[in-house]
K.L.:
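Here it is: the structure, laid out below.
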Amino acid sequence: MAERRYEPHEIEPRWQELWARERTWEVTNEPAEGRGGPAAGAGLAANCYVLEMLPYPSGEPHIGHLKCYSVGDAIAHFRRRLGARVLHPMGYDAFGLPAENHAIKTGEHPRDSTAASIASFRRQFHSWGISIDWSRELATHEPSYYRWTQWIFLQLFEAGLAYRKEAAVKWCPKDQTVLANEQVDAEGHCERCGALVEVRQLEQWFFRITDYAERLLSDLDGIDWPEHVKTMQRNWIGRSEGAEVTFRCEDLDPADPVDYPVFTTRPDTLFGATFFVMAPEHPDVMRLAQGTEHEQAVHDYVNHALNETNEERGNAEKPKTGVPLGRTVTNPVNGERIPMYVADYVLMEYGTGAIMAVPGHDERDYAFARAFGLPIRRVIEGTPEDGGDEHGLPYAGDGPLVNSHRDFDGMPNREALAAIVAWLDREGKGHASVNYRLRDWLVSRQRYWGAPIPIVHCEGCGMVPVPEEQLPVELPEIEDYTPKGRSPLAAAEDWVNVKCPACGGRARRETDTMDTFVDSSWYYMRYCDARNERAAWDQGALRQWMPVDQYIGGVEHAILHLMYARFFTKALADLGQLDFQEPFQALFTQGMVTKDGSKMSKSKGNVVSPAAIVERVGADTARCYILFVGPPDQDADWSDKGVEGVHRFLSRLWRMAAETAERAGAPDPRFPDLAGARGDDLALARKTHWAIDKVSGDLRRFAFNTAIAAVMELLNDCSRLHETVDTETLRFALASAASLLFPFAPHVSADAYALLTGERVWEQPWPEADEALLESDTYELVCQVNGKVRDRVQASSGAGAEELKDLCRAAPNVIAHVDGHEIVKEIVVPGKLVNLVVR
RNA sequence: GCGGCGGUGGCGGAACGGUAGACGCGGGGCCCUCAAAAGGCCCUGUCCGCAAGGGCGUGUGGGUUCGAUUCCCACCCGCCGCACCA
């Protein structure tokens, strides 16, 4: 027999070419009925949408991409072979800062460097053999795509969900540009030039995601996402129940008092409020201090606070600072006049930017009161073991009210809370209220490489949307990508100066571009109808595929991308553009791939390049290894030795398949009936069916590592028994191994399967385990004495409880351990064990 | 501080409340070979023992149970997210 070698570099391109030539993985938008298939019976939707998060094309794909698409491809293949028509597309999130920074440095147009990266990604995805429907490929920087990004912006604008307002934003004085939060390091330096970042008040575009806070929160209950991702989203939305309470200030003009609402989660402690604090950014702070002895101090304090970095200001450990405003407000529940302060521990962006301070029952207010010598009043009774100072304050627990009002004193605080809110409501001094931590999404960027915001500023008409038929507003060609205090687009004078679409008068284009998260908030819908030139999508096309059945990506997108995409879906559904509420029915988050225990990075020199691995051992080995190394939702450490082990396994599988095919003569699509097999043939048939059962179950729960291990076990049995079993039995076992491994290692599996059967494995239905062969007529009964294993004996599968007890009592080593003791109890677990409890 | 995830051999990791350590890596031995590479076979938690067998073992301490890596309580350690959120 000729020596046969596993040659991935011959096998892999051969199958890739066939799949490309026959467009094997393309699906049309025809309704599913015509296709039938076993899907309906299996309870699976006949149409199934499997999607991995689209890559940001920068340089070459890294090992994290390999993991993500290996997971997604395994699921896509499995669903297909269960009978579903699977949509599995690919695209590129092509706008963004790295390409722009590269352009600033080298002068190369971002479009050119992006095109080069996309070509590299596309080439590698082909070389990995990922089953992609390439007919739907898209890139977010193409005018044919961002035309519809702009269209969606206009939908939101017209619905009042996109708006402009002044906001405090991060500003780099050296680069003369606004920075996104993520471009500022922990110490408050600009990521690119290292200059200290400032805060500036500038007009910016926002999406009104806060309108959707409640639905974004409650709809989490209906989707199949990992619990930790849901928790992160819940925390980010940060819902708090409480009350809004109005404090009145009559100091400026008694005839024209000003009302300051505050949000509190503890209206039950209202009687304990002994001062009032405003955030430094609060618009009234300077007006209030004006003319008082504190005016200069307030001015200095506010300026200092605004220039502090988040890091400095956000530190809860730092001592409380602040300045009196020299004014008072009236506590609505008892008419007390309490002093006003400005302090940086109050945040403008949460609640109303002002708080009532209850030092007796809030740690921060307590610290402030201590530092400023303000009165501290207990209004809820605690117990001595609650801790705190010599008076047991601050006390955050529950208890009856004291020192409040005769109507409420003695009442448990939770009850009092409701009663006080009801009273405030009746008096018109407050009402129950819900507050969210979530803030509106700032979407404008003073950057070149993004989708232009399709708005025209007219001297007469104000903000005018660009008419739909004029979309896309294409990016102008410019020479200099460096921002200079305004968007680089502003330099393209010919482009900026336009006629107002409404009145025909002089107008200027909006020069800001959109945050790249806008582009990626709707791409999954575009795939459903990627070549539509008349609309972003056809609703009928969406109905066939959406929502995504299985979404796959890294946890780093747990909050932003996944929240924004959910917001888009809900907003567009409200606008009648879709008829579903959630974009991703199920989510799987894959863990990171590390090397030597730490994140791969160029500076550490521990980067594993997928291209180099594929070059050395082939794509099947690389894909299989990354899924075998551990549970895919957990982090995994890359080991070159481990890769070799998987390569040996695939090599053995292919070689044995080739040898067995030769021994069997011609390939044959039929398998022998092994129901009546005996001896080793029966053992191997059983192992095969065990593996089918195991891999099927493991695939459903994303346990790819144990699925691959099961095929390894099957192959180990094949080599152990290959000389004693019938060739046909071996052929069945090996073909099954190839069939089960196909979702993970498609090329070698397709090749082995074809050698043995002459068939295309991806056209075969997923194998089904034969119940009869999963059962065995005897098994090893574990015999325990007092819970410790003392012996093992053969028992027949049909044996009853009494028979099993007898077997156990008769086991030699059981006899030795029972000797001299009394059996007080006998536990029988049929099919497993007998436990004798002795005394 | 709050929330989440995790802690099992030399290593990555397996284990519906029922034989702890599947599978792989590493290590040891052997076969094939003039030799090597490749491949194949066997052993491999730990301690005692020639063996049969036994003791100990899933971060720590308790609990529930005939039986706990698994369930409950209290801690310790590590990683991730959020954090002066009123």
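Letters go in sequence order (proteins before strands), and every chain restarts at 1.
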K.L.:
Could you tell me which non-hydrogen atom of A:M356 sits nearest to which non-hydrogen atom of A:T269, and how far apart they are?
P.N.:
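It is CE-OG1, 3.8 Å.
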
K.L.:
Give A:V262 one of three labels, base, sugar-phosphate or nothing, depending on what nucleic acid heavy atoms sit under 4.0 Å from its own.
P.N.:
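Nothing, no nucleic acid heavy atom in range.
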
K.L.:
Taking the C1' atom in each of B:U46 and B:G9, what is the distance between them to the nearest angstrom?
P.N.:
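Straight-line distance between the two C1' atoms is 9 Å.
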
K.L.:
Quick one: is B:G54 close enough that its OP1 or OP2 comes under 4.0 Å of any side-chain N or O from A:R790?
P.N.:
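Yes, A:R790 has a side-chain N/O under 4.0 Å of OP1/OP2 on B:G54.
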
K.L.:
OP1 or OP2 of B:G24 versus the side-chain N and O atoms of A:N716: is any pair under 4.0 Å?
P.N.:
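Result: yes.
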
K.L.:
I want to verify a distance call: between B:A86, B:A22, B:U19, whose nearest atom is closest to the A:L347 side chain?
P.N.:
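The answer is B:A86, which lies nearest to the side chain.
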
K.L.:
For RNA chain B, determine which residues of residues 224-232 of chain A have any heavy atom closer than 4.0 angstrom to one of its atoms, and list them numerically.
P.N.:
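Those residues are A:H228, A:T231, A:M232.
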
K.L.:
A:R378 and A:Y395: which non-hydrogen atoms are nearest, and at how many Å?
P.N.:
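Residues A:R378 and A:Y395, closest heavy atoms: NH1-CD2, 4.1 Å.
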
K.L.:
Over 60° means perpendicular and under 30° means parallel, so classify the ring planes of A:F517 and A:H557, tilted if in between.
P.N.:
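Judged by the thresholds at 30° and 60°, the geometry between A:H557 and A:F517 is perpendicular.
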
K.L.:
Spell out, as yes or no, whether a donor-acceptor pair under 3.5 Å connects the side chain of A:D635 to the backbone of A:M592.
P.N.:
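Yes, because the side chain of A:D635 sits within donor-acceptor range (under 3.5 Å) of the backbone of A:M592.
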
K.L.:
Going by heavy atoms closer than 4.0 Å, what residues in residues 830-839 of chain A are next to RNA chain B?
P.N.:
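Residues of residues 830-839 of chain A under 4.0 Å from RNA chain B: A:K832, A:L833, A:N835, A:V837.
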
K.L.:
Counting heavy atoms from C-beta on, name the nucleotide in B:C56, B:A14, B:C84 closest to the side chain of A:K788.
P.N.:
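Among B:C56, B:A14, B:C84, the one nearest the side chain of A:K788 is B:C56.
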
K.L.:
May I ask you to evaluate whether A:N435 reaches the phosphate of B:A86, defined as a side-chain N or O under 4.0 Å from OP1 or OP2?
P.N.:
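It does not, given that no N or O in the side chain of A:N435 lies less than 4.0 Å from OP1 or OP2 of B:A86.
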
K.L.:
Output one line per pair: protein atom, nucleotide atom from nucleotides 9-12 of chain B, and distance, for all N/O pairs under 3.5 Å.
P.N.:
residue	atom	partner	partner atom	Å
B:G12	O2'	A:V629	O	2.8

K.L.:
The side chain of A:A709 is closest to which nucleotide in this list: B:C85, B:A14, B:C23?
P.N.:
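Of all the options, the side chain of A:A709 is nearest to B:C23.
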
K.L.:
Mind listing the side-chain donor-acceptor pairs of residues 830-839 of chain A below 3.5 Å, one per line with the distance, residues two or more places apart or on another chain?
P.N.:
residue	atom	partner	partner atom	Å
A:N835	OD1	A:N786	N	3.4
A:N835	OD1	A:G787	N	2.9

K.L.:
Say whether, by atom type as modelled, one donor and one acceptor occur between the side chain of A:N413 and the main chain of A:D398 under 3.5 angstrom.
P.N.:
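Looks like no, no N/O pair under 3.5 Å.
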
K.L.:
Should we say atom CD of A:Q794 is surrounded by more than 12 heavy atoms from elsewhere, each under 6.0 Å from it?
P.N.:
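Correct, the count exceeds 12.
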
K.L.:
Of the options B:C25, B:G18, B:A14, whose atoms approach the side-chain atoms of A:K641 most closely?
P.N.:
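Looking only at side-chain atoms, A:K641 lies closest to B:C25.
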
K.L.:
In whole Å, what is the span from the OH atom of A:Y350 to the P atom of B:A86?
P.N.:
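In whole Å, B:A86 P and A:Y350 OH are 4 Å from each other.
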
K.L.:
B:G54, B:A14, B:G39: which one has an atom nearest the side-chain heavy atoms of A:R648?
P.N.:
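Out of B:G54, B:A14, B:G39, the nucleotide with an atom closest to A:R648's side chain is B:G39.
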
K.L.:
So, for A:F628 and A:F649, is the gap between ring centers shorter than 6.0 Å?
P.N.:
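Ring-ring flag for A:F628/A:F649: false, centres at least 6.0 Å apart.
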
K.L.:
Dot-bracket for RNA chain B, please, read 5' to 3', with Watson-Crick or G-U wobble pairs under 3.5 Å on both distances, ( ) within the strand, [ ] crossing, | other strand, . unpaired.
P.N.:
(((((((..(((.....[....)))((((((.......))))))((((....))))..(((((..]....))))))))))))....

K.L.:
What pairs of residues pass the ring pair (Phe, Tyr, Trp, His ring centres under 6.0 Å) test when at least one of them lies in residues 691-720 of chain A, not counting sequence neighbours?
P.N.:
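For residues 691-720 of chain A: A:F588-A:F702, A:F704-A:F744.
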
K.L.:
Looking at the side chain of A:R437, which of B:A22, B:A83, B:G53 is the nearest nucleotide?
P.N.:
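The closest nucleotide is B:A83.
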
K.L.:
Show me the donor-acceptor pairs within less than 3.5 Å that the side chains of residues 343-350 of chain A make with the rest of the protein, sequence neighbours left out.
P.N.:
residue	atom	partner	partner atom	Å
A:D344	OD1	A:Y301	OH	3.4
A:D344	OD2	A:K318	NZ	2.8
A:Y345	OH	A:D365	OD1	2.8
A:Y350	OH	A:S240	OG	3.2

K.L.:
Applying ring-ring contact (aromatic ring centres under 6.0 Å, His included), name anything that partners A:H228, two or more places apart in sequence or on another chain.
P.N.:
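A:H228 satisfies ring-ring contact (aromatic ring centres under 6.0 Å, His included) with no other residue.
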
K.L.:
Does B:G40 have OP1 or OP2 sitting under 4.0 Å from an N or O in the side chain of A:R652?
P.N.:
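So the side-chain polar atoms of A:R652 do come within 4.0 Å of the phosphate oxygens OP1 or OP2 of B:G40, strictly under.
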
K.L.:
Decide if the gap between the ring center of A:F275 and the ring center of A:F372 is smaller than 6.0 angstrom.
P.N.:
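No.
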
K.L.:
Taking distance alone, no hydrogens or angles, what donor-acceptor pairs closer than 3.5 Å link side-chain atoms of residues 813-820 of chain A to residues at least two apart or in another chain?
P.N.:
residue	atom	partner	partner atom	Å
A:N813	ND2	A:R790	O	2.6
A:H817	ND1	A:N813	O	3.0

K.L.:
Which nucleotide wins on minimum distance to the side chain of A:S719, given the candidates B:C41, B:C85, B:C84?
P.N.:
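So the side chain of A:S719 is nearest to B:C41.
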
K.L.:
Taking only side-chain nitrogens and oxygens of A:N235, does any of them come within less than 4.0 Å of OP1 or OP2 of B:C85?
P.N.:
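So the side-chain polar atoms of A:N235 never come under 4.0 Å of the phosphate oxygens OP1 or OP2 of B:C85.
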
K.L.:
I want to verify the glycosidic state of B:G9; is it syn or anti under the 90° rule?
P.N.:
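Syn, since the glycosidic angle lies within 90° of 0.
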
K.L.:
Any protein N or O atoms within reach of nucleotides 42-45 of chain B? Criterion: under 3.5 Å, listing atom names and distances.
P.N.:
none

K.L.:
Any side-chain to backbone donor/acceptor pair from A:S797 onto A:S776? Under 3.5 Å, distance only.
P.N.:
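Such a contact is found between A:S797 side chain and A:S776 backbone.
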
K.L.:
Which listed nucleotide (B:C84, B:A83, B:A14) is nearest to the side chain of A:P631?
P.N.:
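In terms of side-chain proximity for A:P631, the closest of B:C84, B:A83, B:A14 is B:A14.
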
K.L.:
Give a yes or no on whether the backbone of A:G591 and the side-chain of A:K67 come within a donor-acceptor separation of less than 3.5 Å.
P.N.:
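Pair found, side chain donor or acceptor close to backbone of A:G591.
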
K.L.:
Could you tell me whether A:Q784 contacts a base, only the sugar-phosphate backbone, or nothing, with contacts defined as non-hydrogen atoms closer than 4.0 Å?
P.N.:
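Contact class for A:Q784: base.
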
K.L.:
Identify the two heavy atoms, one from A:A707 and one from A:V695, that lie closest to each other, and give their separation to 0.1 Å.
P.N.:
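Smallest interatomic distance, heavy atoms only, reads O-CG2, 3.6 Å.
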
K.L.:
With sequence neighbours excluded, what pairs up with A:K805 under the salt bridge (charged side-chain N to carboxylate O under 4.0 Å, His left out) test?
P.N.:
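Applying salt bridge (charged side-chain N to carboxylate O under 4.0 Å, His left out) to A:K805 gives A:E802, A:E826.
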
K.L.:
Kindly write out the residues that satisfy ring-ring contact (aromatic ring centres under 6.0 Å, His included) with A:Y625, not counting sequence neighbours, or none if the list is empty.
P.N.:
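With sequence neighbours excluded, A:Y625 shows a ring-ring contact (aromatic ring centres under 6.0 Å, His included) to A:W638, given in chain and number order.
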
K.L.:
Which listed nucleotide (B:A86, B:G81, B:C23) is nearest to the side chain of A:R364?
P.N.:
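Closest nucleotide among those given: B:A86.
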
K.L.:
Check the phosphate of B:G53 against A:H817, side-chain N and O only, distance under 4.0 Å to OP1 or OP2. Yes or no?
P.N.:
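No, A:H817 has no side-chain N/O under 4.0 Å of OP1/OP2 on B:G53.
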
K.L.:
Would you mind telling me which residue lines up with the more 5' stretch of RNA chain B, A:T321 or A:W690, judged by nearest nucleotide?
P.N.:
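This one resolves to A:W690.
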
K.L.:
By nearest atom, which of the nucleotides B:A86, B:C84, B:A15 is closest to the A:T264 side chain?
P.N.:
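Of the candidates, B:A86 comes closest.
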
